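From a predicted model like this one, the values you see are computed outputs, not experimental measurements. Below, each value reflects all heavy atoms present in this structure, side chains not excepted, and no hydrogens, waters or symmetry copies. So that the names make sense, note that chain A is the first sequence line, chain B the second, and so on, each numbered from 1.
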Protein chains: 2
Amino acid sequence: MSSTARLAPVPPARRLKTRIGEANESRILDAALSVFARLGFAGARVDQIAEAAGMSKANLLYYFRTKEDLYRAVLTRTLDMWLEPLRELDADSDPGTALGHYIARKLEYSRLQPEASRLFAMEIMQGAPVLSCVLATDLADLVERKVRTIERWIEDGRLAPVEPHHLIFMLWATTQHYADFAAQIRTLTGKDLSDDAFFEEARQAIVTTILKGVLPRG
Amino acid sequence: MSSTARLAPVPPARRLKTRIGEANESRILDAALSVFARLGFAGARVDQIAEAAGMSKANLLYYFRTKEDLYRAVLTRTLDMWLEPLRELDADSDPGTALGHYIARKLEYSRLQPEASRLFAMEIMQGAPVLSCVLATDLADLVERKVRTIERWIEDGRLAPVEPHHLIFMLWATTQHYADFAAQIRTLTGKDLSDDAFFEEARQAIVTTILKGVLPRG
DNA sequence: GTCTATAAGCGGATAGAC
DNA sequence: GTCTATCCGCTTATAGAC
């Protein structure tokens with residue numbers, strides 16, 4: 001993966017979409033997410049992804065011309081899911097309600113899409129070679145808007161004074177941790193978020209601690 | 001890297017250590033940390049690590065017979081550094097002081113050893129193929145002891161009732177986030193922990209929020 | 001669209017001189 | 001201990017039949 005290629009935008013659709021083509025593409029993307037999340041870009045092999053998608057390697061490469069194209073497509077789709085909960089953070093709600101809801105949504109994402117969370121995390125940890133462009137535009141814009149929301153809450157005395165970026169980082173960190181470090185958590189507790197009681201315990205701990213931490217008059 | 005090989009313990013010293021041998025080994029480990037953290041195990045190339053260590057690939061392979069031996073050695077050394085702050089968490093201190101100190105120490109680690117943090121994180125995210133053994137013994141024992149410390153604080157009414165594991169996960173998550181997601185944080189804020197003011201801002205936000213969240217009577 | 005076969009090149013590891 | 005040269009397996013990607 002050359003550094004220039006890594007910055008290139010996702011190529012446009014390569015061909016007219018047929019029904020079977022759409023279905024195959026979707027199966028490939030699902031399989032690719034799973035394998036890339038487990039082994040990283042370099043560690044994943046195309047024939048492994050093809051097998052997981054139930055087709056031959058040559059056929060997979062008919063849909064995505066290169067491994068890198070495929071990686072890029074999976075990541076783009078992942079980022080879009082990743083952004084959704086933050087988009088929903090509602091400036092007009094009560095801060096406690098809005099933040100509590102956001103924590104629950106992010107934790108739900110960690111439960112339902114742990115592989116997507118890990119894939120995204122690995123991409124960022126390696127310096128976001130593919131996503132840096134999109135992070136600097138789409139994510140930065142969205143975060144800026146939410147920072148203003150938080151600032152307004154603080155000005156109105158509805159939230160204790162916290163630097164908004166750091167609050168957002170705390171929310172991301174605490175909720176994503178359960179997906180990204182699931183192996184460690186399973187080793188230490190024997191459980192993960194797929195266990196309903198454990199999910200509720202985690203949600204409760206995060207909501208209680210952070211909301212008590214940032215809401216005025218505890 | 002076969003799955004059985006991944007679980008094998010670190011091999012014993014391969015030869016008598018000479019002064020120059022020690023120095024080389026240390027330079028190799030530093031270089032390997034940097035390259036593995038940036039590209040992962042599969043993405044890193046031995047000749048790249050050798051170049052970063054200022055020697056030939058063949059010479060590096062004289063010190064570490066395989067790429068996997070080298071990876072294992074780097075990880076083991078990393079885990080040891082990673083555990084240190086938790087070992088220091090002092091049951092006899094005031095909980096607020098002890099936790100505040102722990103947050104500061106972990107954040108300091110994120111500032112000084114961001115690559116080690118990311119390497120460790122990537123290993124865990126991929127299911128801890130190499131470290132799972134050590135996590136289940138060394139880490140689990142240590143965490144168990146600290147869980148009891150936290151439980152005692154709660155029983156004594158010096159800490160609000162929080163499930164201790166989740167508190168520990170929150171502390172890990174919030175502090176490690178600044179190393180592991182540094183690329184994202186730099187994109188959004190233009191800064192990282194190497195900026196003293198930013199470090200202090202982050203420390204302050206985490207300490208204030210979490211301590212307010214878990215200490216009794218605000 | 002899907003397959004088999006193969007080209008092409010990368011990268012880990014070794015041989016053997018010095 | 002360090003080097004140069006080389007081997008060889010593995011993996012991406014293509015060619016071309018069906």
Side-chain angles (χ1 to χ4, degrees), chain A residues 1-6 8 11 13-29 31-32 34-36 38-75 129-130, chain B residues 1-6 8 11 13-29 31-32 34-36 38-75 129-130:
Chain A
M1 192 187 284
S2 72
S3 58
T4 54
R6 285 181 157 200
R14 293 159 303 285
R15 65 203 135 58
L16 295 177
K17 305 285 175 88
T18 65
R19 273 157 205 78
I20 187 161
E22 291 269 354
N24 275 342
E25 211 169 285
S26 172
R27 270 166 50 226
I28 294 170
L29 288 170
S34 171
V35 177
F36 281 137
R38 197 147 22 89
L39 301 165
F41 173 80
R45 279 174 312 160
V46 172
D47 58 358
Q48 215 176 347
I49 298 172
E51 193 192 344
M55 70 180 65
S56 71
K57 178 174 66 166
N59 199 22
L60 185 153
L61 289 168
Y62 168 78
Y63 287 96
F64 295 90
R65 283 227 271 283
T66 69
K67 183 183 175 180
E68 192 180 330
D69 280 351
L70 177 54
Y71 180 69
R72 197 180 298 281
V74 176
L75 260 187
V130 167
Chain B
M1 191 188 287
S2 72
S3 58
T4 54
R6 287 184 154 197
R14 291 157 305 284
R15 65 205 134 61
L16 296 178
K17 304 286 176 86
T18 64
R19 274 159 207 76
I20 186 161
E22 292 269 355
N24 275 343
E25 212 169 284
S26 171
R27 270 167 47 226
I28 293 170
L29 287 170
S34 171
V35 177
F36 280 137
R38 196 145 24 88
L39 300 164
F41 174 79
R45 281 173 311 167
V46 172
D47 58 358
Q48 215 177 348
I49 298 172
E51 193 191 344
M55 69 182 65
S56 70
K57 178 172 67 165
N59 199 22
L60 184 153
L61 288 168
Y62 169 79
Y63 288 96
F64 295 90
R65 282 228 270 282
T66 69
K67 183 183 175 182
E68 192 179 330
D69 281 352
L70 177 55
Y71 180 68
R72 198 180 299 280
V74 176
L75 260 189
V130 167

B/Tyr63 OH to C/dG12 C1', straight-line distance once rounded to whole Å: 19 Å
Mark up nucleotides 13-18 of chain C, 5' to 3', with B wherever a protein heavy atom is under 4.0 angstrom from a base atom, S wherever such an atom reaches only the sugar-phosphate, and - elsewhere. BB----
Between B/Leu60 (CG) and D/dT4 (C1'), how many Å, whole number? 16 Å
Which residues satisfy the side-chain contact (heavy atoms from CB on, under 4.5 Å) test with A/Ala42, sequence neighbours excluded? B/Ala42
Mind calculating the distance between CD (A/Glu22) and C1' (C/dG1) to the nearest angstrom? 15 Å
How many Å lie between CZ on B/Arg27 and C1' on D/dG1, as a whole number? 12 Å
A/Gln48 side chain vs A/Arg45 backbone, donor-acceptor pair below 3.5 Å: yes
In whole angstrom, what separates B/Met55's CE from D/dC3's P? 8 Å
Under 4.0 Å between a side-chain N/O of B/Asn59 and OP1 or OP2 of D/dG1, yes or no? no
Kindly write out the residues that satisfy side-chain contact (heavy atoms from CB on, under 4.5 Å) with A/Leu61, not counting sequence neighbours, or none if the list is empty. A/Val46, A/Lys57
Using atom CZ of A/Phe64 as one end and atom P of C/dG1 as the other, report the distance to the nearest whole Å. 13 Å
Please state how far atom CD1 in B/Ile28 lies from atom P in D/dT2, giving the value in whole angstrom units. 9 Å
Please tell me if A/Ser56 has a side-chain N or O lying less than 4.0 Å from either OP1 or OP2 of C/dT2. no
Could you tell me how far apart A/Phe41 (CZ) and D/dT12 (C1') are, to the nearest whole angstrom? 10 Å
